[in-house]
Colleague: 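First, the structure itself, so that you have it in front of you.
Each residue takes its place number in the sequence, starting with 1.
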Amino acid sequence: MTEFKLTNGQAIELTKDGILIKGDYISLEGSITIVKNSKSASINQSTDKGQLLSIVPINDEGTSKDETIEDVTATLDNRVSNLEAKVTTLVGDIDLKLISERAKTDQKIANLYYHLANGK
């Protein structure tokens with residue numbers, strides 16, 4: 001079980017099986033969306049300062065909170081690195097395609113100029 005405090009002060013408990021509201025009342029001001037699986041929860045809260053996104057690891061197996069956060073951080077870092085590599089590859093592919101298309105256009109212009117200059 002992992003406890004998380006929302007921006008409005010309401011505390012919730014996250015477990016692999018569900019989301020529990022702590023206390024005797026529910027007070028959810030604005031917009032709050034919680035999406036969870038058995039290992040973590042994504043909590044999106046609308047505040048007067050904008051959107052606040054929290055990724056909260058769920059600690060049900062007795063592992064320390066710091067170890068779980070490190071695991072989630074390592075996973076996110078790995079995903080970011082993979083996305084950066086994909087973006088770099090895509091940008092390189094786009095550059096090559098643009099260079100190729102520019103060369104084709106230049107060749108067509110040169111051919112057209114040749115034909116106009118030679119009256120063909």
Colleague: Considering non-hydrogen atoms only, spot the tightest contact between Ser42 and Leu53 and give its length.
Modeller: OG-CD1, 3.4 Å
Colleague: Hydrophobic cluster mates of Ile109, side-chain heavy atoms under 4.5 angstrom, ILVMFWY only, any path?
Modeller: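 Members besides Ile109: none; it forms no cluster.
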Colleague: Nearest 0.5 Å, what's the CG-CD1 distance between Asn44 and Ile55?
Modeller: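 Taking CG in Asn44 and CD1 in Ile55, the distance rounds to 10.5 Å.
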Colleague: About how many Å separate CG of Leu83 and OG1 of Thr88, when rounded to the nearest 0.5 Å?
Modeller: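 Thr88 atom OG1 to Leu83 atom CG measures 10.5 Å (nearest 0.5 Å).
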Colleague: To the closest 0.5 Å, what do you measure between OG1 (Thr105) and CZ (Arg102)?
Modeller: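 Those atoms lie 7.5 Å apart.
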Colleague: Tell me every residue that passes salt bridge (Lys or Arg N to Asp or Glu O under 4.0 Å) with Lys104, counting only those two or more places apart in sequence or in another chain.
Modeller: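 Result, salt bridge (Lys or Arg N to Asp or Glu O under 4.0 Å) vs Lys104: Glu101.
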Colleague: Measure the CD1-CD1 distance between Ile12 and Ile43 for me, rounded to the nearest 0.5 Å.
Modeller: 4.0 Å
Colleague: Do you know which of Thr89, Leu90, Val91 makes side-chain contact (heavy atoms from CB on, under 4.5 Å) with Val87?
Modeller: Val91
